[in-house]
Amino acid sequence: MDVGTAYGRPQGSTLPELSKVGPGTPYGEVLRRYWQPVALTSDATTTPKRLKILGEDLILFRTKSGRAGLLAPDCAHRGASLYYGGVEDDGIRCCYHGWLFDPEGRCLEQPCEPDNGRHRDRVRQPWYPVREYHGLLFAYLGPPDRKPAFPVYDVLDDDSFGTIIADDNSFGGGGPAELDFNWLYHWENVLDPFHVPILHARFSGTQFVPAMAILPECKFEYTQVGVRVRSFRQLTEREQLDRVTEVVFPNIRLVASPKLTAAGPARFVGWVVPFDDTNCKVFTLARVDHPDALTEERSRVGGKLWHELGEAEHRRYPGDYEAQKSQGDVASRSREFLTTTDQGVTMLRRMMAKQAKLVAEGGDPAGVVLHPDSGDTVSFRIEAGNYISVRDEPANAPAR
Ligand code: FES
Ligand SMILES: [Fe+2]
């Protein structure tokens, strides 16, 4: 008798408790406990812009006096969309009956009402707090009493080196700016170091640098704020590469240049931000020594970038997008066959489930600081990076 045929294959589970992001979903509530980048600061203008973040429709704008605002789209009066609103000095005016709302949703004017609306202070357009940091606009979509201190990063704030790039177009080696599949596949992939020598080297040819074809020796570990993998590669008889890659909760990736363009700590911080359950985008802040540094990280096939390749070339030279998207928009995780080299993925899912449980029970998830010792920011140190040690010379990597 034939065994292992596809007949009667169960649908399987899509890990909804970790992959779904809408309000009230287990991990959606975890994501809502952190500041999330939702746009470039330059996207907030006097022309209202539609956003979808964590399954919620929102309108982003910037008043003529310069304040960014993020409001629910449906006007608190009778629901016309503020997408058609007009931005003024202090707020956005609904096109239907002219109610004017400030960036925190206060109703400033109701022009059809006596005295411009005697009870207008009883109305509040639903809003979210925003904050601008190095060219990205962050929002906090969670419960107001759990709003955390704003996280900042040592390498991004180090003014002694280069300049900052804020980017919403850099998925990685190759792929569209907006990813049309569940955000978790991409985040998990950060802790999958063994796909690098296969997909990005042996299968598709050198997509980064030849050293990435070396099968690494990996060590996975939990940190206070996520999961870290150290991938060791013997580059030459004397040189060893210790490549440290991290995920930080709830959706941050810290990945040093896969092309080894820089040694030392990673200067890229990326957030995998879900628009909804099947669409997401990576927002990146990078401190770089020249403006093309992020573009140079992208893979090329015969000089062509991902979007310049045809279908036959994508099949011959698949990269991250093809491997991740082809798992399905929301794939069945219970059909997987996880092995020892999937340890990072397993550890991440375990830690995610733990945070979801913590939040459901009223706790605060990993890395959240509600009341910092001083000010309203909390600073994080980045460990991720490419560390090269040379035998008989002091290593520049943290001790193994
Ligand atoms: S629906 Fe917006 S002012 Fe009436
Ligand atoms: Fe990859």
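Atoms within each ligand, like the ligands themselves, are counted from 1 in listed order.
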Asks: What do you reckon, are the aromatic ring centroids of Phe181 and His186 less than 6.0 Å apart?
Replies: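 No, ring centres 6.0 Å or more apart.
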Asks: Please state the angle at the Fe ion (ligand 2) spanned by NE2 of His200 and NE2 of His195: what is it, rounded to 10 degrees?
Replies: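 Between NE2 of His200 and NE2 of His195, at the Fe ion (ligand 2), the angle is about 100°.
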Asks: Decide whether a cation-pi geometry holds between Arg131 and Phe150; the criteria are a distance under 6.0 Å from NZ or CZ to the six-membered ring centre and an angle within 45° of the ring axis.
Replies: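 Yes, a cation-pi geometry holds between Arg131 and Phe150.
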Asks: Any N/O/S atom, side chain or main chain, of Asp320 closer to the Fe ion (ligand 2) than 2.8 Å?
Replies: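 A backbone or side-chain N, O or S atom of Asp320 is under 2.8 Å from the Fe ion (ligand 2).
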Asks: Do the ring planes of Trp35 and Tyr140 sit parallel (below 30°), tilted (30 to 60°) or perpendicular (above 60°)?
Replies: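 The rings of Trp35 and Tyr140 sit tilted, inter-plane angle from 30° to 60°.
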Asks: Please check if any side-chain donor atom of Tyr128 sits under 3.5 Å from a side-chain acceptor atom of Glu56, or the reverse.
Replies: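 Side chains of Tyr128 and Glu56: pair found under 3.5 Å.
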Asks: Evaluate the ring planes of Tyr321 and Trp306, with Trp represented by its six-membered ring, and classify them as parallel (under 30°), tilted (30 to 60°) or perpendicular (over 60°).
Replies: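 Perpendicular.
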Asks: Is the distance between the ring centroids of Trp187 and Phe249 less than 6.0 Å?
Replies: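 Yes, the ring centres sit under 6.0 Å apart.
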Asks: Could you enumerate the protein N, O or S atoms under 2.8 Å from atom 2 (Fe) of ligand 1, written like residue then atom name?
Replies: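 Checking every protein N, O and S atom gives Cys75 SG, Cys94 SG.
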Asks: Assess whether salt bridge (Lys or Arg N to Asp or Glu O under 4.0 Å) is satisfied between Arg50 and Asp57, documenting all intermediate values.
Replies: CA-CA 7 Å; Arg50 284 185 176 123; Asp57 290 313; over 6 Å; no
